[in-house]
Amino acid sequence: MPRPEVLERIQSAEEEADEIVALAEDDRDERIAEARERAEEIRTDAEAEARDLKERRLEEARDEIDAECERVLREGEQEREALAERAERRVDEVAEYVVELFQEDVHAQT
């Protein structure tokens with residue numbers, strides 16, 4: 001094969017290799033851009049999901065706190081009513097005791 005032909009084939013092969021490298025670099029850049037875009041979508045979706053989960057958990061916690069508050073208030077009301085009933089039942093007993101103390105005090109002074 002004559003030298004000019006060999007040189008021409010080498011130059012053609014180099015040009016072809018350069019084109020292949022350029023296409024590969026373009027493809028690489030495109031894939032990197034797509035990967036970054038996909039990563040951003042995943043991050044955005046994950047952040048939205050985290051916000052939703054946080055809100056659900058906060059709402060559940062608020063509901064539990066409200067329920068516990070209602071329970072404590074009901075128990076407190078029941079205890080107050082029981083104390084009021086016991087106090088009411090003891091009014092006569094306490095009045096009698098006070099009268100006795102008063103009478104003892106009056107007798108002690110005479």
Side-chain angles (χ1 to χ4, degrees):
M1 189 179 289
R3 285 184 179 206
E5 223 177 89
V6 171
L7 184 58
E8 193 176 296
R9 286 183 77 194
I10 290 172
Q11 288 173 340
S12 176
E14 286 176 347
E15 287 174 7
E16 190 176 324
D18 288 344
E19 287 177 20
I20 291 171
V21 168
L23 287 174
E25 288 174 348
D26 289 345
D27 187 47
R28 178 201 63 201
D29 293 343
E30 186 176 315
R31 288 177 187 241
I32 288 171
E34 288 173 0
R36 285 185 177 142
E37 188 175 308
R38 180 67 183 130
E40 180 63 25
E41 289 173 7
I42 291 170
R43 186 183 63 75
T44 301
D45 291 347
E47 287 175 350
E49 188 175 329
R51 277 191 304 276
D52 290 345
L53 180 60
K54 174 186 161 189
E55 288 302 318
R56 282 195 308 270
R57 286 186 177 170
L58 282 172
E59 188 61 35
E60 289 170 3
R62 286 183 186 117
D63 290 345
E64 288 177 19
I65 289 168
D66 288 345
E68 181 67 12
C69 184
E70 294 282 330
R71 185 188 67 74
V72 168
L73 288 173
R74 276 193 311 274
E75 286 179 3
E77 181 64 25
Q78 290 171 349
E79 288 179 26
R80 186 196 63 78
E81 288 174 3
L83 284 171
E85 286 177 19
R86 278 190 295 186
E88 190 67 35
R89 286 193 304 262
R90 297 192 70 194
V91 166
D92 291 338
E93 182 183 325
V94 170
E96 187 178 309
Y97 177 72
V98 170
V99 168
E100 286 176 15
L101 286 177
F102 179 73
Q103 288 174 346
E104 288 176 10
D105 218 19
V106 169
H107 289 294
Q109 290 179 3
T110 58

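When reading the values below, keep in mind they use all heavy atoms of this one structure, side chains included, and skip hydrogens, waters and symmetry mates.
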Task: Student check: side-chain heavy atoms of Glu88 and Glu85 closer than 4.5 Å - done: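 No, their side chains stay 4.5 Å or more apart.
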- [ ] Would you indicate whether the side-chain heavy atoms of Arg56 and Leu53 approach each other to under 4.5 Å?
- [x]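 Yes, close enough: below the 4.5 Å cut-off.
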Task: Note: Arg28-Glu25 ion pair, threshold 4.0 Å (strictly below) - done: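 Salt bridge between Arg28 and Glu25, a charged N being under 4.0 Å from a carboxylate O: no.
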Task: Short N-O contact, Arg62 and Asp66, less than 4.0 angstrom - done: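 Here Arg62 does not pair with Asp66 in a salt bridge, since their nearest N and O are not under 4.0 Å apart.
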Task: Heavy atoms of other groups near Glu100 CD, more than 12 under 6.0 Å - done: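 Yes, because the 6.0 Å sphere around CD of Glu100 holds more than 12 heavy atoms from other groups.
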- [ ] Can you establish whether the number of heavy atoms outside Glu81 located under 6.0 Å from its atom CD is more than 12?
- [x]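 Yes, because the 6.0 Å sphere around CD of Glu81 holds more than 12 heavy atoms from other groups.
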How long is the gap from [atom1] on [X] to [atom2] on [Y], to the nearest 0.5 Å?
| X | Y | atom1 | atom2 | answer |
| --- | --- | --- | --- | --- |
| Glu40 | Asp45 | CD | CG | 10.0 Å |
| Asp29 | Arg31 | CG | CZ | 11.5 Å |
| Glu68 | Leu73 | CD | CG | 10.0 Å |

TODO: Give the C-alpha distance, both sets of side-chain angles, the deciding distance and a yes or no for salt bridge (charged side-chain N to carboxylate O under 4.0 Å, His left out) between Arg71 and Glu75.
DONE: CA-CA 6 Å; Arg71 185 188 67 74; Glu75 286 179 3; 2.4 Å; yes
Open item on the list: Running the 4.5 Å side-chain criterion over Ile, Leu, Val, Met, Phe, Trp and Tyr, what cluster does Ile65 land in, apart from itself?
Closed with: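 ILVMFWY cluster around Ile65 holds nothing else.
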Task: Test side chain to side chain contact (heavy atoms under 4.5 Å, CB included) applied to Glu55 - qualifying residues, sequence neighbours left out - done: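 Applying side chain to side chain contact (heavy atoms under 4.5 Å, CB included) to Glu55 gives Leu58.
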- [ ] Before giving the answer on salt bridge (charged side-chain N to carboxylate O under 4.0 Å, His left out), spell out for Glu77 and Arg74 the whole-Å C-alpha distance, their side-chain angles and the decisive distance to 0.1 Å.
- [x] CA-CA 5 Å; Glu77 181 64 25; Arg74 276 193 311 274; over 6 Å; no
